[in-house]
*Asks:* 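Before I ask anything, let me first share the structure, which is written out below as structure tokens.
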Amino acid sequence: MSKARKRIGMTAMALAGALLLASCGSSGGSTGDGKTLKLWHYEAPDSAMGIAWNQAIAEFKKTHPGVKVEFEAKGFEQIQKTASMVLNSDDAPDVMEYNKGNSTTGLLAKQGLLTDLTPQVAKYGWDKELSPSVTTTSRYDAQGVMGSGNWYGVPNYGEYTMVYYNKDLFAKNNIPVPTTFDQFTADLAAFKTKGITPLADAGAEYPAQQYFYQLALSKADRAWVDAFQLYKGKVDFHDAAWTYAADTFADWVAKGYIAKTSSGAKAEDAGVSFINGKYPVFFSGSWWYGRFKSENKFAWGSFLWPGSKLTPGSGGNLWVVPKNAKNKQLAYDFIDITMKQAVQNSLGNHGGIPVAASPTAVTDPASKTLIQNFDKVTAADGLAFYPDWPVPGFYDVMVSAVQKLITGSAKPDQVLDELQKAYDAGVPAS
């Protein structure tokens, strides 16, 4: 698709030229000079991934003398909302980090905006470094459904959600660290009786829908996940799992475990509130781990959601190469560097979950625990992806729906109706 233009008095020759350029761009991008790598990602510089990617950039410069790296830090939401438009223009980067799943990478692949990386995966051997559960989000069929087909992205880390907790607040209030779900909810009640809202949350972005999804997963199984995420069965948002999630989430708001004021908060607000010691519990992803290591001024720990075999998680965000990228070979070289052991080892020691680190190279005790829990989840086939993935636009739908549970502007049944309608409208025709 060519960019919209305000001028409508274009001559036939100019219009033909514009269409020809658009056609050339969609077939593989303009030829670059081989001297500039344009890179986008949205990891914080002090996060495990940010540290590792900076190391990869430094290594890239060493191995590619004379090549300039033009790095632009982008926001997750920014890329989420503008990717299709940007990648369909001459402003596309050579390589960028992008969210995985049917509604994101799958949609771009279906639209023809991404380069098929299957030949490069074979050439560089990236597939040999990745477990089957991690590669699910790398491959997409002609309909943009993950799990099979060509490779359109390469993850070089893993991620999963967990319960972060403030050990000092637990100890100060004589509240035990839970090992069962009943104990977990008892702890939430105990904090509330002491005047402390227990759960850090954010309704304007994630993690509110991650709490919601995790509650559903605690009553679900793999077949349920495959039906929802991979269209391998009927999805009923009024089934036992989704109903339990909506009712329980609304109940937690009513009991004060989740603050109603969190409806307008963003993910950064929730994470910072935990860093500042305001909330004793924060349920979110492993991408926060490195930052908490560097910024938390209190003793803290993490554990998997009690009583659930399934948890939101997957391979990490993907390196993708836009179809319109000008220097694709440089992009492939950069991706390969991020898969090298030196970068992978650094990722592991700074609080990330590497996919190709040396088993003995990760020495930090907290990082070892993080990786061991990820290995535990993957060994049990427990990665259940994320709730916004199945259909295009579902992220915004999930945010809006769960916000209504926080504000009380809709009842659980109404929220489930809203989700069902959006999901059914987005599922591709078989």
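Everything numeric here is computed off the predicted structure, so don't read it as measured data.
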*Asks:* Using modelled atom types and a 3.5 Å cut-off, is there a donor and acceptor pairing between side-chain atoms of Thr338 and backbone atoms of Ile335?
*Replies:*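 The answer is yes, because a donor-acceptor pair under 3.5 Å joins these two groups.
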
*Asks:* When the aromatic ring centroids of Trp300 and Tyr279 are compared, is their separation below 6.0 Å?
*Replies:*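 Ring centroids of Trp300 and Tyr279 are no less than 6.0 Å from each other.
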
*Asks:* Please check if any side-chain donor atom of Asn317 sits under 3.5 Å from a side-chain acceptor atom of His41, or the reverse.
*Replies:*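 Short answer, no.
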
*Asks:* Would Asp239 and Lys219 count as a salt bridge (Lys or Arg N to Asp or Glu O under 4.0 Å) if you check the C-alpha gap in whole Å, the side-chain angles of each, and the deciding distance to 0.1 Å?
*Replies:* CA-CA 10 Å; Asp239 67 12; Lys219 302 295 183 182; over 6 Å; no

*Asks:* Does the side chain of Ser263 pick up a donor-acceptor pair with the side chain of Thr407 at under 3.5 Å?
*Replies:* no

*Asks:* Is the distance between the ring centroids of Trp319 and Phe334 less than 6.0 Å?
*Replies:* yes

*Asks:* Do the side-chain N and O atoms of Glu129 and Tyr124 include a donor-acceptor pair separated by under 3.5 angstrom?
*Replies:*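 Not at all, the side chains of Glu129 and Tyr124 share no donor-acceptor pair under 3.5 Å.
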
*Asks:* Does the Gln214 side chain pair with the main chain of Tyr211, one donor and one acceptor, at a distance under 3.5 Å?
*Replies:*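 Between the backbone of Tyr211 and the side chain of Gln214 there is no qualifying donor-acceptor contact (under 3.5 Å).
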
*Asks:* Is Asp94 paired with Lys326 through a side-chain N to carboxylate O contact shorter than 4.0 Å?
*Replies:*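 Judged by the 4.0 Å cut-off on N to carboxylate O distance, Lys326 and Asp94 do not form a salt bridge.
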
*Asks:* Look only at the side chain of Asn324 and the backbone of Ser89, and say whether a donor-acceptor pair between them is shorter than 3.5 Å.
*Replies:* yes

*Asks:* State plainly whether the residues Lys74 and Glu72 are in salt-bridge range, i.e. N to O under 4.0 Å.
*Replies:*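 Salt bridge present between Lys74 and Glu72.
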
*Asks:* Ignoring hydrogens and geometry beyond distance, is a side-chain donor-acceptor pair present between Trp126 and Asn156 at under 3.5 Å?
*Replies:* no

*Asks:* Could you grab the distance from atom CG of Asn296 to atom CG of Asn276, nearest 0.5 Å is fine?
*Replies:* 9.5 Å

*Asks:* Judged by atom type as modelled, is there a donor-acceptor pair below 3.5 Å linking the side chain of Asn102 to the main-chain atoms of Gln229?
*Replies:*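 Indeed, once roles are kept as given, a pair shorter than 3.5 Å links the two residues.
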
*Asks:* Given the side-chain rings of Phe283 and Tyr164, with only the six-membered ring counted for Trp, is the space between their centroids under 6.0 Å?
*Replies:* no

*Asks:* Asp364 side chain to Asn349 main-chain N or O, any donor-acceptor pair under 3.5 Å?
*Replies:* no

*Asks:* How about Phe212 and Tyr206: are their ring centres within less than 6.0 Å of each other?
*Replies:* no

*Asks:* How far apart are the closest heavy atoms of Val402 and Ala208, and which atoms are they?
*Replies:*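 Closest approach of Val402 to Ala208, heavy atoms only: CG1-CB, 3.7 Å.
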
*Asks:* Between atom OG of Ser302 and atom CE of Met162, what is the distance when rounded to the nearest 0.5 Å?
*Replies:* 5.5 Å

*Asks:* Examine Tyr423 together with Phe228 and report whether their ring centres are nearer than 6.0 Å.
*Replies:* yes

*Asks:* Atom CD in Gln341, atom OG in Ser346: separation rounded to 0.5 Å?
*Replies:*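 If I round to the nearest 0.5 Å, the distance is 13.0 Å.
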
*Asks:* Would you call Asp336 and Lys340 a salt bridge, using N to O less than 4.0 angstrom?
*Replies:* yes

*Asks:* So which heavy atom on Pro45 is nearest to which on Ile51, and how close?
*Replies:* O-CG1, 3.5 Å

*Asks:* For Lys266, look at atom NZ and say whether over 12 heavy atoms of other residues, nucleotides or ligands are found less than 6.0 Å away.
*Replies:* no

*Asks:* Aromatic ring centroids of Phe184 and Trp305 under 6.0 Å?
*Replies:*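 Between Phe184 and Trp305, the centre distance is under 6.0 Å.
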
*Asks:* Against Glu159, only a single residue in Tyr289, Tyr386, Trp287 fulfils side chain to side chain donor-acceptor pair (under 3.5 Å); can you say which?
*Replies:* Tyr386

*Asks:* Describe, in one word, how the ring planes of Trp288 and Phe292 are oriented to each other, choosing from parallel (under 30°), tilted (30 to 60°) and perpendicular (over 60°).
*Replies:*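 Parallel.
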
*Asks:* Identify the residue among Lys293, Arg291, Lys297 that makes a side chain to side chain donor-acceptor pair (under 3.5 Å) with Glu295.
*Replies:*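 Result: among Lys293, Arg291, Lys297, Arg291 is the only option passing the side chain to side chain donor-acceptor pair (under 3.5 Å) with Glu295.
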
